[in-house]
Amino acid sequence: MKIVVMVGGLSPERNVSLSSGAMVCQALRDRGHEVALVDLFFGIEGRGVEYASQLFTAPIPEEFKKVSPQAPDLAKVKASRADKSASQFGPGVLELCAMADCVFLALHGTCGEDGRVQATLDMLGIPYTGANYLSSALALDKDMTKRLVADRPSVDTPHWETVDCAREDINEIVDRTVLPVVVKPLASGSSIGVYIANTAEELRAALEKSRELGGRTVLEQFVRGREFSIAVLEGEALPSIEIIPNEGFYDYENKYQAGATREVCPADIPQEWEQRMARSAQEVFRTLGLSVYSRADYIITPDGTPYFLEINTLPGMTPTSLVPQEAAAVGIGYGELCERIIRASMQAREKGE
């Protein structure tokens, strides 16, 4: 099969995407596929479209394979592209995608998970992995997701308020907010821009930083408990994984730096807790109209109640990512997982899902 793995783009999660894509590309090549790795934003800049076919055998850049401990400087990334057009698609990207049987979306964050790339590929008739454009857009919006699932009988989610730090008075927000609270950008992932505020001063500082990520921010009730993640693959829940950072919480650095977090899979919890979390994740999956795969994050309180936090439609596939670990727990190897995602995605596109 001929496959394009699309990575990068202009997202705070750009570095995570590059690492995910490099691993996916290598795994699929190892299983006999022709695979091209392309950066959504840079494309095949400086080369003609005829060069595109050579990417299916081109070496994978070594620098893509490790995730930098710092989020990228997107202004610097944007300025470095010679093509100064407003397009999110770099030169030759769509032409390259048209050569493939399927596009594996290894993108993360607003550039790739908000449905715009999916809608473009739909219009061109190019199959791609993961959920469709509408479900992707709904799932990336943390406020909309919680609104849609909050009344589902099998889903508990912490109380929340959505604010706009760019338009509202930050002091007023601070005065009315019950502490402690979790501060999250409305549409971002990899815990970029996420803070736990225990004091008014910490909340004010977090809200000021949220302005840099667009301003729209979810303030979520802090729930004390153990942290878990659980994937849904083709409608079925995989074994959950417990996340235990060596210090602090599961932020960007703890997610992507080897040894920063201890992860236990299958999670060492009562079967009833596991089943409740699985039912909840499957309900969120169905409610949002997702397809193929996803990964949902939870806090489980001491009484065994799983509190749904958010869901990811293009989960990370880096060396430390969670979905590959969960799949491995039921005997699904990394390369097989990538192939299953492709097969299920192509079937979903054929059905119009």
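The chain is numbered in sequence order, starting from 1.
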- [ ] Evaluate whether atom CZ of R147 has more than 12 neighbouring non-hydrogen atoms of other residues, nucleotides or ligands under 6.0 angstrom away.
- [x] no
Open item on the list: Within this structure, what is the CG-CD distance for the pair D143 and E161, rounded to the nearest 0.5 Å?
Closed with: 10.0 Å
TODO: Kindly work out whether a path of hydrophobic side-chain contacts (I/L/V/M/F/W/Y, heavy atoms less than 4.5 Å apart) joins I3 to F64.
DONE: yes
- [ ] Assess whether atom NZ of K2 is packed by more than 12 heavy atoms of other residues, nucleotides or ligands within 6.0 Å.
- [x] yes
Task: Distance (rounded to the nearest 0.5 Å) between L219 CG and T177 OG1 - done: 5.0 Å
Open item on the list: For the NZ atom on K351, are there more than 12 heavy atoms of other groups (residues, nucleotides or ligands in this structure) within a distance under 6.0 Å?
Closed with: no
Task: Closest non-hydrogen atom pair, A137 against D114 - done: CB-O, 3.3 Å
Open item on the list: Run I170 and E208 through side chain to side chain contact (heavy atoms under 4.5 Å, CB included) and show every step you take.
Closed with: CA-CA 8 Å; I170 285 180; E208 292 286 359; 3.7 Å; yes
Task: Exercise: identify the closest heavy-atom pair between S136 and A131 - done: OG-O, 3.4 Å
Open item on the list: Between T129 (side chain only) and S345 (backbone N and O only), is there a donor and an acceptor less than 3.5 Å apart?
Closed with: no
Open item on the list: I'd like to know if the side chain of S229 reaches the main chain of D297, judged simply by a donor and an acceptor atom lying under 3.5 Å from each other, with no hydrogens or angles considered.
Closed with: no
Task: Side chains of F89 and L40 in contact at under 4.5 Å (non-hydrogen atoms) - done: yes
Open item on the list: I'd like to know if the side chain of D122 pairs up with that of Q118 as donor and acceptor (distance under 3.5 Å, no hydrogens or angles considered).
Closed with: no
Task: Validation row: D156, S280 side chains within 4.5 angstrom (heavy atoms) - done: no
Open item on the list: Is it the case that the side chain of H108 and the backbone of L314 share a donor-acceptor pair, with hydrogens and angles ignored and the cut-off at 3.5 Å?
Closed with: yes
Open item on the list: Closer than 3.5 angstrom, by distance alone: can the side chain of E168 be matched with the main-chain N or O of D164 as a donor-acceptor pair?
Closed with: yes
Task: Nearest-0.5 Å distance that lies between atom OG1 in T301 and atom CZ in R226 - done: 11.0 Å
TODO: Heavy atoms only: give me the nearest F41-L10 pair and the separation to one decimal.
DONE: CE1-CD1, 3.5 Å
TODO: Scan side-chain atoms only and decide if N132 and R349 contain a donor-acceptor pair under the 3.5 Å cut-off.
DONE: no
TODO: Would you name the heavy atoms of L179 and A200 that are closest together and state the gap between them?
DONE: CD1-N, 3.5 Å
Task: Nearest heavy atoms of C165 and L207, plus distance in Å - done: SG-CD2, 3.6 Å
Task: Gap separating the CZ atom of F42 from the CG atom of D83, nearest 0.5 angstrom - done: 10.5 Å
Open item on the list: Looking at every heavy atom in both I241 and E263, which two are closest together, and how far apart are they?
Closed with: CD1-CB, 3.7 Å
Task: Residues K142, E220: salt bridge by 4.0 Å N-O rule - done: no
Task: Side-chain donor or acceptor of T120 paired with backbone N/O of R116 under 3.5 Å - done: yes
- [ ] Say whether L74 and V117 are linked into one hydrophobic cluster, either directly or through other cluster members, by side-chain heavy-atom distances under 4.5 angstrom.
- [x] no
Open item on the list: With a sphere of 6.0 Å drawn around CZ of F222, does it hold more than 12 non-hydrogen atoms of other residues, nucleotides or ligands?
Closed with: yes
- [ ] Let me see the working for T305 and R276 under side chain to side chain contact (heavy atoms under 4.5 Å, CB included), right down to the final yes or no.
- [x] CA-CA 8 Å; T305 302; R276 288 182 66 182; 3.9 Å; yes
Task: All ring pair (Phe, Tyr, Trp, His ring centres under 6.0 Å) counterparts of Y298, not counting sequence neighbours - done: F308
TODO: Find out if a path of hydrophobic residues (ILVMFWY) with successive side-chain heavy-atom gaps under 4.5 Å connects L134 to L186.
DONE: no
Task: M1 and E339, any side-chain heavy atoms less than 4.5 Å apart - done: no
Open item on the list: With rounding to the nearest 0.5 angstrom, report the CD1 to OH distance, I342 to Y128.
Closed with: 15.0 Å
TODO: Could you tell me whether the side chain of S19 and the main chain of V16 form a donor-acceptor pair under 3.5 Å?
DONE: no
Task: Distance-only side-chain donor-acceptor flag, T318 / S321, under 3.5 Å - done: yes
Open item on the list: Measuring only between side-chain heavy atoms, which start at C-beta, is R31 closer than 4.5 Å to E336?
Closed with: yes
TODO: For side chain to side chain contact (heavy atoms under 4.5 Å, CB included), just list the numbers for T110 and L140, CA-CA rounded to whole Å, side-chain angles, deciding distance to a tenth of an Å, and then say yes or no.
DONE: CA-CA 8 Å; T110 51; L140 187 65; 4.0 Å; yes
TODO: Taking atom CG of D303 as the centre, report whether more than 12 heavy atoms of other residues, nucleotides or ligands fall under 6.0 Å from it.
DONE: yes
- [ ] Please confirm whether the backbone N or O of E283 pairs with a side-chain atom of T287, one donor and one acceptor, at under 3.5 Å?
- [x] yes
Open item on the list: If hydrophobic clusters are built by linking Ile, Leu, Val, Met, Phe, Trp and Tyr wherever their side-chain heavy atoms come under 4.5 Å apart, do L309 and V284 end up in the same one?
Closed with: no
Task: Side-chain ion pair, K76 and D73, N-O less than 4.0 Å - done: no
Open item on the list: Pair R204, N171 - check side chain to side chain contact (heavy atoms under 4.5 Å, CB included), show working.
Closed with: CA-CA 7 Å; R204 186 174 291 104; N171 289 323; 3.0 Å; yes
Open item on the list: Are L337 and Y293 packed together at the side-chain level, in the sense that at least one heavy-atom pair is separated by less than 4.5 angstrom?
Closed with: no
TODO: State, with a plain yes or no, whether a side-chain heavy atom of P302 is found less than 4.5 Å away from one of R224.
DONE: no
Task: Close side-chain approach of S210 and V183, heavy atoms under 4.5 Å - done: yes
Task: Same apolar cluster: F285 and I230, side chain cutoff 4.5 Å - done: yes
Open item on the list: For V163, is there any backbone N or O sitting under 3.5 Å from a side-chain donor or acceptor partner on T217?
Closed with: no
Task: Whether over 12 other heavy atoms sit under 6.0 Å from R176 CZ - done: yes
Task: G9 backbone acceptor or donor facing D39 side chain under 3.5 Å - done: yes
Open item on the list: Would the distance check show the side chain of Y334 and the main-chain N or O of A327 forming a donor-acceptor pair, the cut-off being under 3.5 Å?
Closed with: no
TODO: Measure the shortest side-chain to side-chain distance between M277 and I269 over non-hydrogen atoms and say whether it is less than 4.5 angstrom.
DONE: yes
- [ ] Show your reasoning for whether salt bridge (Lys or Arg N to Asp or Glu O under 4.0 Å) applies to E326 and R295.
- [x] CA-CA 10 Å; E326 294 182 46; R295 195 203 76 233; 5.7 Å; no
TODO: To the nearest 0.5 angstrom, please state how far the CG atom of L121 sits from the CE atom of M6.
DONE: 5.5 Å
